[in-house]
There are 2 protein chains.
Amino acid sequence: MSTTAGTPAAPRGRVGRPRARGPVADGLAPRDGLLVAAAELFTRQGYGATTTRAIAERAGLRQASMYHYFAGKEDILAALLEGTVRPSLDLARALVAHPSAEAGAEARLWALCRADVELLCGGRHNLGALYLLPEVAAERFAAFRRVRAELKAAYRALLAGTAAAAALPGAELELRADLVFGLIEGVILIRRQDPDPAAPALAVAAADGALRLSGAPEAVVAAAATQGAALLGTLRTG
Amino acid sequence: MSTTAGTPAAPRGRVGRPRARGPVADGLAPRDGLLVAAAELFTRQGYGATTTRAIAERAGLRQASMYHYFAGKEDILAALLEGTVRPSLDLARALVAHPSAEAGAEARLWALCRADVELLCGGRHNLGALYLLPEVAAERFAAFRRVRAELKAAYRALLAGTAAAAALPGAELELRADLVFGLIEGVILIRRQDPDPAAPALAVAAADGALRLSGAPEAVVAAAATQGAALLGTLRTG
DNA sequence: ATTATCTATAGATCTATAGATAATGC
DNA sequence: ATTATCTATAGATCTATAGATAATGC
């Protein structure tokens, strides 16, 4: 890339004292390596059971070096949570505000469900499972929980626009929105126990399921799936 | 389960050195008090973040006294897990084996879902949330996970007997069973964030939802709800 | 000079054991 | 004598800071 004149075979050097364990293969920036390591450990062993030493060591660093990048364990979890909920919320907002007469609420709800499951379960480390850690209830993560509540509101808004739910009384609608949101979170748990089902297939099945759960008859589910998939395509390219 | 028989106006004396903090009001046996305290703390703060001191103190004991009843924190979690999954599994077996021509697979699936949600969310402390702790993946709790897998198999068996699922290919059936099971687990999470929805109403809504998710049309959902509720009544009295 | 890392460690836990103590039971 | 609890504490952590060190950059 930056082939300045002079020594063409630059000694491949990195600033700073070399690592005791040698450089890491995966080529991640140190900060990203710490995030990946922490995500893996938090979701598999739990937050409290994961030590700063375990995180750092897995990222190829010594324990104390972690503090060059994060002020502590809590900051790592906060960064992970923030980074994972943001894309979901952006998409949800785009779908709720979408000025499309051609895509009904059913298709948009389908699209949100599928995209959300893909984002949450798609990565190597099932990042969505972070949302389910009990520790996230702590005061420190209130900001994240607020963003997450906004996401849930988007689910509710889309659901309210569907033909099957339009006739429901308010309390019943709320309950059904809880169930749909709960299904998506439940899917994250499926993936935790058994990483077997490929994420894309699971995402489509979950989106179909969300529509059924919302009360849509089979014909509507099929139509929403077709339109929803198309909608996702246009949103991603546009 | 302390015996309440014997002399009704006994001198109110208890064997053993008195507690430093005085006797507890809630009348639970010490072991049960520890279990209740641990359940509350594990589900709210997480397992790793909960110290033996916090558990004991909340139960009205000093930290070291906990070891009179449990060999350690892990044993407490094991006891809680075992105690909560057992009733669900007993009911599931009864429903799968039920020799009833009058109650179809749909009604039995509905009954299982409703009873499961009631058991998991019904108590004061949302015990079901214990299942979702990442720490449960540890080797120590393999026995519990096996029992839980059996419960999931019961869900799958009932689902396979429904009219909507009977025509599905095997992989598709498996995926749908995952979703139904995931919905029930997701409901536990709903309750964690917001203990607002009354457990009975939530249980009925979740059971209805599970039927919709399984592909049943509205008329079948309604029939299954009626028959399923009746079935639960007979199983509980008989 | 700047940077990324290291080593070493103080201070704060937390767990689990040892042994004392204050009740009742016989 | 038995029981349930207590106090005290050793040993094993774990977190976060201080200060040294080994690279590159200029």
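Worth saying up front: this structure is predicted, and the values here are computed from it rather than measured.
Regarding B:Arg19, its CZ atom lies at a distance of 15 Å from the P atom of C:dA23, rounded to whole Å. Distance, B:Ile55 CD1 to C:dA16 P: 11 Å, rounded to whole Å. In this structure, B:Leu61 atom CG and C:dA22 atom C1' are separated by 15 Å, rounded to whole Å. Whole-Å rounding puts the A:Phe70 CZ to D:dT15 P distance at 15 Å. Between B:Glu57 atom CD and D:dT7 atom C1' the separation is 13 Å, expressed in whole Å. Distance CZ (A:Arg21) to P (C:dT5): 15 Å, rounded to an integer number of Å. Put simply, NE2 on B:His68 is 16 Å from C1' on C:dA18, counting in whole angstrom units. Between B:Lys73 atom NZ and C:dT13 atom C1' the separation is 13 Å, expressed in whole Å.
With a cut-off of 3.5 Å on both Watson-Crick or G-U wobble distances, the partner of C:dA1 is given as D:dT24. With a cut-off of 3.5 Å on both Watson-Crick or G-U wobble distances, the partner of C:dT13 is given as D:dA12.
DNA chain D is contacted by both B:Ala64 and A:Gly72; B:Ala64 maps to the nucleotide lying nearer its 5′ end (nearest heavy atom per residue). DNA chain C is contacted by both B:Arg17 and B:Thr52; B:Thr52 maps to the nucleotide lying nearer its 5′ end (nearest heavy atom per residue).
There is a side-chain donor-acceptor pair under 3.5 Å between A:Ser88 and A:Asp116.
Salt bridge absent: B:Lys73 and B:Glu135 never bring a charged side-chain N and a carboxylate O closer than 4.0 Å.
Closest to the side chain of B:Pro30, from the set D:dT17, D:dT5, C:dC14, is D:dT5. The side chain of B:Pro18 sits closest to C:dA23 out of C:dA16, D:dT7, C:dA23. Nearest nucleotide to the side chain of A:Val15, out of D:dT5, C:dT3, D:dT2: C:dT3. Side chain of A:Thr51, nearest nucleotide from C:dC6, D:dC14, D:dC6: D:dC14.
A donor-acceptor pair under 3.5 Å is absent between the side-chain atoms of B:Arg114 and the main chain of B:Ala203, judged by distance alone. Listed for the B:Arg108 side chain is no donor-acceptor partner under 3.5 Å among the backbone atoms of B:Gly228.
Ring pair A:Tyr47/A:Phe141 is perpendicular by interplanar angle, where above 60° counts as perpendicular and below 30° as parallel.
Between A:Arg14 and C:dA4 there is no side-chain polar atom (N or O) within less than 4.0 angstrom of OP1 or OP2.
Among the atoms of the strands shown, base atoms are found under 4.0 Å from some heavy atom of A:Ser65.
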